[in-house]
Amino acid sequence: MKLKEFLHYTYIFPILAVGYYFSGLMGSGVVYDIIAGLLLTGSVLSAVHHAEVVAHKVGEPFGTIILALCITIIEVALIISLMVAGGDQAITLARDTVFAAVMIILNGILGICILVGGVKYHEQFFARTSATTYLVSIVSILVLTLVLPNFTSSVNGPFYNEAQLIFISIACLVIYGVFLMVQTVRHRSYFIVPDEHPEEHYIPSLNKTLISFGFLVVCLVIVVLMAKGLSGTIEGMVQSIGAPKSLVGVIIAGVVLLPEGVAAIRAARSNQIQSSLNLALGSALASIGLTIPAVSTVCIMYDIPLVLGLDKKDIILLSLSVFIVMLSLSRGKTNVLYGTVLLVNLAAYIFTVIVP
């Protein structure tokens with residue numbers, strides 16, 4: 001790569017963000033936090049660019065898998081670090097973060113993609129088999145991890161005992177592992193739409209792809225670190241308007257998911273709704289399928305209680321979201337109504353967080 005290519009904003013913003021984060025200026029005042037927010041936004045856009053470079057090189061569905069796994073691994077690391085530091089006060093952190101991420105992905109990211117694509121193209125088409133494969137896996141893991149703990153009797157409350165946590169963790173890993181095999185080997189065609197103009201796509205060199213992958217990881221790490229660093233400012237803002245503290249988790253989850261969301265929306269605008277589905281549903285599956293086993297392992301090692309079961313209100317909202325997504329993706333084509341309904345579901349979720 002030529003030296004002038006590194007002067008592009010997708011290389012400059014991550015470097016500036018890393019330097020600013022370690023300078024210790026974050027949290028020093030409103031102006032400094034605004035600068036941090038601008039650098040965070042630039043890092044998100046940079047992450048999307050580098051993810052697209054990698055995706056062009058490795059092809060689908062591997063490109064979307066790489067982005068989903070990168071963000072999920074960093075999200076898991078963030079949750080675990082906060083839980084270990086918070087101890088018993090963080091027993092609901094994993095549940096709340098995973099639930100917020102799933103609701104934002106299923107209703108927000110997917111809803112915007114469908115709405116944007118519907119406005120621009122009226123209808124967009126995708127492989128129904130891919131949606132079914134995603135949803136079968138997602139629904140099973142969601143019920144096992146966030147609903148079933150409310151109805152077991154070995155421990156009082158929305159908990160699993162150690163043996164149950166081990167079993168559920170193994171079940172999540174088995175489902176996700178087999179899904180990856182289906183997506184990348186046995187039924188890869190389910191997740192790919194034939195390209196009518198393959199000659200129009202630029203294939204980056206191996207050197208550029210490796211550099212972009214490195215910057216992708218840097219971008220994702222700094223997005224999570226800066227989101228964590230701004231959490232105090234966000235919490236103060238939430239308290240100033242009298243909203244519950246749980247809204248902070250929703251905001252931070254939204255920031256962490258920004259790279260995936262922007263990438264999925266850009267794909268929908270380019271009439272690549274299959275890539276949008278791969279990103280959105282793949283992220284939801286990876287988020288819960290990998291987070292719960294990792295967090296369960298840490299909780300068992302450090303003897304930290306882990307609340308997994310959702311309350312009745314959240315179970316109803318989760319069930320509504322999953323049901324609407326299943327209906328919306330059952331025909332293999334989208335329109336603006338599906339996207340609108342999903343976004344209304346997201347608004348209802350956020351509203352009931354603020355006004356429970």
Student: As a quick check of understanding, evaluate side-chain contact (heavy atoms from CB on, under 4.5 Å) for Phe179 and Leu285, giving each step before the final call.
Tutor: CA-CA 9 Å; Phe179 170 82; Leu285 181 56; 3.4 Å; yes
Student: Mark yes when over 12 heavy atoms from residues, nucleotides or ligands other than Asp311 sit less than 6.0 Å from its CG; otherwise mark no.
Tutor: yes
Student: Any chance OH of Tyr121 has more than 12 other-residue heavy atoms, nucleotides or ligands included, within less than 6.0 Å?
Tutor: yes
Student: Output yes when a side-chain donor or acceptor of Asn150 lies under 3.5 Å from a complementary backbone atom of Leu310, and no otherwise.
Tutor: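 Yes, the answer is positive, given that a donor and an acceptor are paired below the 3.5 Å cut-off.
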Student: State, with a plain yes or no, whether a side-chain heavy atom of Ile300 is found less than 4.5 Å away from one of Ile166.
Tutor: yes
Student: What pair of heavy atoms forms the shortest contact from Val155 to Tyr160, and how long is it?
Tutor: CG2-C, 4.4 Å
Student: Indicate the atoms forming the closest heavy-atom contact of Ser43 with Ile222, along with that distance.
Tutor: OG-CG2, 3.8 Å
Student: Please lay out, stage by stage, how Leu318 and Phe99 fare under the test side-chain contact (heavy atoms from CB on, under 4.5 Å).
Tutor: CA-CA 8 Å; Leu318 179 63; Phe99 178 57; 3.9 Å; yes
Student: Does the Ser328 side chain pair with the main chain of Tyr338, one donor and one acceptor, at a distance under 3.5 Å?
Tutor: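 Checking the backbone N and O of Tyr338 against the side chain of Ser328, no donor-acceptor pair under 3.5 Å is found.
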Student: Is any side-chain heavy atom of Leu106 less than 4.5 Å from a side-chain heavy atom of Leu281?
Tutor: yes
Student: Treating Ile, Leu, Val, Met, Phe, Trp and Tyr as nodes and any side-chain heavy-atom pair under 4.5 angstrom as an edge, say whether Leu346 and Leu337 lie in one connected cluster.
Tutor: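 Yes; tracing contacts between hydrophobic side chains, which count when under 4.5 Å, links both residues.
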Student: Would a single hydrophobic cluster contain both Leu142 and Leu320, if residues Ile, Leu, Val, Met, Phe, Trp and Tyr are joined by side-chain heavy-atom contacts under 4.5 Å?
Tutor: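 Same cluster: Leu320 reaches Leu142 through Ile, Leu, Val, Met, Phe, Trp or Tyr contacts under 4.5 Å.
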Student: Would a 4.5 Å heavy-atom cut-off, applied to side chains only, mark Phe191 and Thr133 as touching?
Tutor: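 In contact.
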Student: Tell me, which pairs form a salt bridge (Lys or Arg N to Asp or Glu O under 4.0 Å) where one or both residues lie in residues 329-348, sequence neighbours left out?
Tutor: Glu123-Lys333
Student: Take Leu165 and Leu308 through the test side-chain contact (heavy atoms from CB on, under 4.5 Å) and record every step on the way to the result.
Tutor: CA-CA 10 Å; Leu165 270 180; Leu308 283 178; 4.0 Å; yes
Student: Testing Gln274, His187, Gln183 for side-chain hydrogen bond (donor to acceptor under 3.5 Å, both in side chains) with Ser130, which one passes?
Tutor: Gln274
Student: Mind checking whether Phe126 and Thr334 have side chains closer than 4.5 Å, heavy atoms only?
Tutor: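 Heavy-atom side-chain distance check passes, below 4.5 Å.
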Student: Looking at every heavy atom in both Gly289 and Leu173, which two are closest together, and how far apart are they?
Tutor: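 The answer is O-CD2, 4.1 Å.
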Student: About how many Å separate CG of Leu277 and CZ of Arg128, when rounded to the nearest 0.5 Å?
Tutor: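 Answer rounded to 0.5 Å: 13.5 Å.
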Student: If we ignore hydrogens and angles and just use 3.5 Å, is the side chain of Thr352 paired with the main-chain N or O of Tyr349 as donor and acceptor?
Tutor: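 Judged by distance alone, yes, a pair lies under 3.5 Å.
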Student: Please confirm whether the backbone N or O of Thr129 pairs with a side-chain atom of Thr132, one donor and one acceptor, at under 3.5 Å?
Tutor: no
Student: Can you check side-chain contact (heavy atoms from CB on, under 4.5 Å) on Ile175 and Ser140, steps first, answer last?
Tutor: CA-CA 9 Å; Ile175 292 173; Ser140 176; 3.4 Å; yes
Student: What distance separates Ile292 CD1 from Leu306 CG, expressed to the nearest 0.5 Å?
Tutor: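 With rounding to 0.5 Å, CD1 (Ile292) is 6.5 Å from CG (Leu306).
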Student: Flag yes if Val30 and Tyr32 sit in one hydrophobic cluster, no otherwise; membership is Ile, Leu, Val, Met, Phe, Trp, Tyr, and two members link when side-chain heavy atoms are under 4.5 Å apart.
Tutor: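 No: no chain of side-chain contacts under 4.5 Å links Val30 to Tyr32.
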Student: Is there a path from Val221 to Leu258 through hydrophobic residues (I, L, V, M, F, W, Y) whose side chains come within less than 4.5 Å of each other?
Tutor: yes
Student: Between the side chains of Asn278 and Tyr134, does any donor sit under 3.5 Å from an acceptor?
Tutor: yes
Student: I'd like to check Tyr9 versus Ser46 (side-chain heavy atoms, cut-off strictly below 4.5 Å). Are they in contact?
Tutor: yes
Student: Can Leu38 be reached from Tyr11 by stepping across I, L, V, M, F, W or Y side chains whose heavy atoms are under 4.5 Å apart?
Tutor: no
Student: I'd like to check Leu39 versus Met226 (side-chain heavy atoms, cut-off strictly below 4.5 Å). Are they in contact?
Tutor: yes
Student: State, to 0.1 Å, how close Leu146 and Arg95 come at their nearest heavy-atom pair, and which atoms those are.
Tutor: CD2-CG, 4.1 Å
Student: Indicate, with yes or no, if the rings of Phe215 and His8 have centres closer together than 6.0 Å.
Tutor: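 Centroid separation for Phe215 and His8: 6.0 Å or greater.
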Student: Looking at Thr297 and Pro293, what are the two nearest heavy atoms and their distance?
Tutor: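 Closest approach of Thr297 to Pro293, heavy atoms only: OG1-O, 2.8 Å.
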Student: Answer yes or no: is there a donor N or O on one side and an acceptor on the other, between the side chain of Ser212 and the main chain of His50, under 3.5 Å?
Tutor: no
Student: Has the side chain of Ser330 got a donor or acceptor atom that lies under 3.5 Å from a matching backbone atom of Leu327?
Tutor: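 Indeed, once roles are kept as given, a pair shorter than 3.5 Å links the two residues.
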Student: Which atom pair, heavy atoms only, marks the closest approach of Cys113 to Ile273?
Tutor: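 Nearest pair, atom of Cys113 first, then Ile273: O-CD1, 4.2 Å.
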Student: Is there side-chain contact between Ser276 and Ile265, with heavy atoms separated by less than 4.5 Å?
Tutor: no
Student: Tell me whether the count of non-hydrogen atoms from other residues, nucleotides or ligands lying under 6.0 Å of CZ in Phe213 goes above 12.
Tutor: no
Student: Would you say Ile35 and Tyr20 make side-chain contact, with heavy atoms under 4.5 Å?
Tutor: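 With C-beta onward as the side chain, the pair touches.
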Student: Could you pull out all residues at least two apart from Ser321 that satisfy side chain to side chain donor-acceptor pair (under 3.5 Å)?
Tutor: Asn107
